Amino acid sequence: MATKAGKARKIPERLCVGCQERHPKKELIRIVRSPEGTFSVDLTGKKSGRGAYICPKAECLEQARKGHRLERSFECAIDASVYDALAEELEKELKAERKA
């Protein structure tokens with residue numbers, strides 16, 4: 001993509017906590033810990049709070065769960081319900097992708 005000055009725009013990249021690979025930010029799902037301490041999935045990327053990114057793949061979520069990588073990223077314990085919510089969100093994402 002070119003800007004008015006003719007320079008290419010830099011595409012922001014983030015590290016997946018599962019596979020530990022860099023991907024364009026728009027391809028990843030953001031997990032947010034709000035200032036109140038609640039966790040949620042942020043598909044817009046605009047919720048306030050500390051964020052971590054993960055690929056929309058079941059394998060990456062499983063690697064993050066086994067390696068306690070979200071706990072390291074957020075520097076606190078994470079309830080199993082957060083992982084369950086992420087798994088549900090990934091399933092929805094994969095189903096939508098298959099239909100397209």
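Along the sequence shown, residues carry numbers from 1. Since the structure is predicted, the reported quantities are computational estimates derived from the model, not experimental observations.
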Open item on the list: If the condition is side-chain hydrogen bond (donor to acceptor under 3.5 Å, both in side chains), which residues does Arg65 pass it with, not counting sequence neighbours?
Closed with: Asp84
Task: Contact list for residues 54-63, test side-chain hydrogen bond (donor to acceptor under 3.5 Å, both in side chains), sequence neighbours left out - done: none
Open item on the list: Nearest 0.5 angstrom please: Lys25 NZ to Arg14 CZ, how far?
Closed with: 4.5 Å
Open item on the list: Using every non-hydrogen atom in the two residues, find where Cys19 and Arg69 come nearest and quote the distance to one decimal.
Closed with: N-NH1, 4.4 Å
Open item on the list: Testing the 3.5 Å rule here: is there a donor-acceptor pair between the side chains of Glu36 and Ser34?
Closed with: yes
TODO: Could you note down all residue pairs passing ring pair (Phe, Tyr, Trp, His ring centres under 6.0 Å) where residues 53-93 supplies at least one of them, sequence neighbours left out?
DONE: Phe39-Phe74
Task: Linked, directly or transitively: Val41 and Leu70 (ILVMFWY side chains, under 4.5 Å) - done: yes
Open item on the list: Among residues at least two apart in sequence or on other chains, which ones pass side-chain contact (heavy atoms from CB on, under 4.5 Å) with Glu91?
Closed with: none
TODO: With sequence neighbours excluded, tell me which residues meet side-chain contact (heavy atoms from CB on, under 4.5 Å) with Pro35.
DONE: Ser48
Open item on the list: Grouping I, L, V, M, F, W and Y whenever their side-chain heavy atoms are under 4.5 Å apart, do Val17 and Leu28 come out in a common cluster?
Closed with: no
Task: By salt bridge (Lys or Arg N to Asp or Glu O under 4.0 Å) - contacts of Arg30 (at least two apart) - done: Asp42
Open item on the list: Please give me the minimum heavy-atom distance between Ile29 and Pro56, naming the atom from each residue.
Closed with: CD1-CB, 3.9 Å
Open item on the list: Give me each pair satisfying ring pair (Phe, Tyr, Trp, His ring centres under 6.0 Å) with a member in residues 9-36, each pair once, sequence neighbours excluded.
Closed with: none
Task: Between CD1 on residue Ile78 and CD1 on residue Ile31, distance to nearest 0.5 Å - done: 7.5 Å
Open item on the list: Could you work out, with side-chain hydrogen bond (donor to acceptor under 3.5 Å, both in side chains) as the rule, every residue matching Lys47, not counting sequence neighbours?
Closed with: Ser40
Task: Results of salt bridge (Lys or Arg N to Asp or Glu O under 4.0 Å) for Asp79 - residues two or more places apart only - done: none
